[in-house]
Colleague: 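Structure in structure tokens, see below.
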Amino acid sequence: MKPVRSALALALIFCISNGLAPDASAQSADAAAADRFVAGINQEIRDNYVEISAAQWVSETYINGDTEVLVAKANERALSRLSANVEKSKQFRTVAGIAPATQRSIDLLRLQTAMPAPKDPAKLAELTQIASRLNAAYGSGKSCTDESKPETCRNLDQLSKVLAENRDWDADLEAWTAWHNVARDMRKDYARFAELVNEGAREMDYANAGDMWRASYDMSAADFRKETDRLWSQVEPLYKDLQCYARHKLEQQYPGKLAKDGTIPAHITGNMWAQDWAALYPLLQPYPGVSNLDVDAALKEKNYTPETMIRRAEDFYTSIGFPSLPKSFYEKSQLKRPADRDVVCHASAWDLNLEGDVRIKMCININEEDFRTIYHELGHIYYYLAYNKLPVLFQTGAHDGFHEAVGDTIQLNLTPGYLAEVGLAGASKPSKEAMLNAQMKQALEKVAFLPFGKLIDEWRWGVFDGSIKPDGYNAAWWALKRKYQGVAPTVARSEADFDPGAKYHVPGNTPYMRYFLAHILQFQFQRELCKAAGYSGPLHECSIYGNKAAGAKFWAMLEKGASQPWQSTLKELTGKGEMDASAILDYFAPLHSWLKQQNKGKRCGWN
Ligand code: X8Z
Ligand code: ZN
């Protein structure tokens, strides 16, 4: 199973204060009984873990009607056990003298899943079937010109490649539309899914499923919402300057084609969701030709394979003192898209048995994007390995954003210097211009992502709290895309479309705010690791490759899992228990001043 990713995530998220009314039966319980209860839960989860993770693994690596049934059934059993245990745990709410670790475990119990299920058996079964169907629909999604002829079909890889590899307005628009059409059929299932998880959340005493998702950050749901707004306001000016610069360059690339309202057309960023603009680097690099950052070409030229790409990433982690990956990792992971069946290709990292059977599931292409994603996935894998010795309820990230930030932090170390050292383009002594180019490349991935990272769950929070209704799903989606990203669709969208479904995490029911948080946190982590490595130069030039002191500091954080509030864990690493965008702003300071210079006299912003 994959604690940070799945609909039925184990130890996904947690909270401290539940603010619920005491239960009448509480008087009879005592603190020792609470300890025994928690020990029993930890054992029960462990006992059932392998079966459910195996069902999930096969359902995603062999998509067919049979595995869809198996995983729905396994989820049904697990969710039903969870509901029963949450019910039982209510007796301990008012027990005096309960040990803090026991209290925390009980709080974490009801946050075990991102898919709270109604107790009613018929509704529970309906929910798990819908969830499996949506996941399978995304994984097997294809756009065919003739349904009866498989050779006329294109999958997400193929359609994404069109967007990433050419700047042809019409071809890109056709590929973009083809993929978004795949999601149309998910609309009805999604609306029902939202009703059912809301019912489940209410049974667990949350206002709705979004309220439950927001309650998993060791602060109130309302404070968490404010926290995300605060972080966004810190980084918004940087994003706006990048958006402005990119838009003007795109206007030159496609004269007369862009709308006059200041937005960027959704289909021309080189990425299906406009969440990562790295493909636009050749168009946007500040100093063309002064540096070689073509990792794509280097990987191909050096005959890298999926396995050697992983070995290269593993080498980074072992260089900072992390252990080697177990042999079974290479034997059991899925690295390539199989030719003979449908699979969920969206990259993920799995812990199958809580004791070392860790795997990744990817469909690796030999390119830079997938190379970087491998570093991301290994971050999850090392988090699993680091906290595997904790009680099961604590085996998750300090919060889910921490889990996403581990591998991303390591990605920040893929500097020109590191790349040169391992023979993948780069330069050992990059010039000032070359460093600025490298900044732009990072920003197209990390800064362009920020508004996207925030808006997905604003949409879902709205769906769950009822402010976004099924007849306005798509309109609300594009209103948020415009508001945050300054991105707009090129072809008319309507309520016959279901564009949120074209993004994996919506049919896959993976909460998304974690990625927004990770994009802030990873820079805070990197700043501390560089400090631990004795580095004192500009943050964006630091690489901790080979530095054991930095690695030890990072590992110590990972080992803590969710055993304490994330604020304490963050404080131990950084001296401050608060998420803070000052590190990402420091990191991109040189690029930001360059962008402001470039944008002088240009019209920025959108309406
Ligand atoms: O889903 C992922 C990872 C797996 S946790 C590949 N990411 C988000 C996405 O692809 O949308 C990483 C960055 C954001
Ligand atoms: Zn991830």
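Each ligand, and each atom within it, is numbered from 1 in the order the structure gives. Worth saying up front: this structure is predicted, and the values here are computed from it rather than measured.
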Colleague: Check E236 with K240, please: is the shortest side-chain N to carboxylate O separation under 4.0 Å?
Modeller: yes
Colleague: With carbon and hydrogen excluded and only N/O/S kept, which atom of E404 is nearest the Zn ion (ligand 2)?
Modeller: OE1
Colleague: Counting each atom of ligand 1 from 1 as listed, which ones have a heavy atom of E377 under 4.0 Å away?
Modeller: 3 (C), 4 (C), 6 (C)
Colleague: Using only heavy-atom distances, determine whether the side chains of Y330 and E314 contain a donor-acceptor pair under 3.5 Å.
Modeller: yes
Colleague: Output the atom name for the N/O/S atom of H376 with the smallest distance to the Zn ion (ligand 2).
Modeller: NE2
Colleague: Residue-level breakdown please: for F449 versus ligand 1, do any non-hydrogen atoms fall below 4.0 Å on the side chain, on the backbone, on both, or on neither?
Modeller: side chain
Colleague: Relative to the ring of H346, is the ring of Y504 parallel (under 30°), tilted (30 to 60°) or perpendicular (over 60°)?
Modeller: parallel
Colleague: Taking R154 first and then E174, would you say they form a salt bridge - that is, a charged N and a carboxylate O separated by under 4.0 Å?
Modeller: yes
Colleague: So does K336 have more than 12 non-hydrogen atoms from other groups sitting under 6.0 Å from NZ?
Modeller: no
Colleague: Under a 4.0 Å threshold between the charged nitrogen and the carboxylate oxygen, would K441 count as salt-bridged to E368?
Modeller: yes
Colleague: Polar contacts were defined as any N/O atom of the residue lying under 3.5 Å from an N/O atom of the ligand; does this apply to Q275 and ligand 1?
Modeller: yes
Colleague: Using a plain distance cutoff, I'd like to know if E404 has any nitrogen or oxygen under 3.5 Å from a nitrogen or oxygen of ligand 1.
Modeller: no
Colleague: A347 heavy atoms, cut-off 4.0 Å: which ligand 1 atoms fall inside?
Modeller: 4 (C), 6 (C)
Colleague: Should H380 be counted as touching ligand 1, given the test is an N or O pair under 3.5 Å?
Modeller: no
Colleague: Among H346, H403, M272, which one puts a heavy atom closest to atom 2 (C) of ligand 1?
Modeller: H346
Colleague: Is the closest N or O pair between K503 and ligand 1 shorter than 3.5 Å?
Modeller: yes
Colleague: For the residue pair Y62 and D342, confirm or rule out a side-chain donor-acceptor distance under 3.5 Å.
Modeller: no
Colleague: I'd like to check whether Y512 has a polar contact with ligand 1, where a contact means an N/O of the residue lying under 3.5 Å from an N/O of the ligand.
Modeller: yes
Colleague: Ignoring hydrogens and geometry, is there a side-chain-to-backbone donor-acceptor pair from T113 to M115 under 3.5 Å?
Modeller: yes
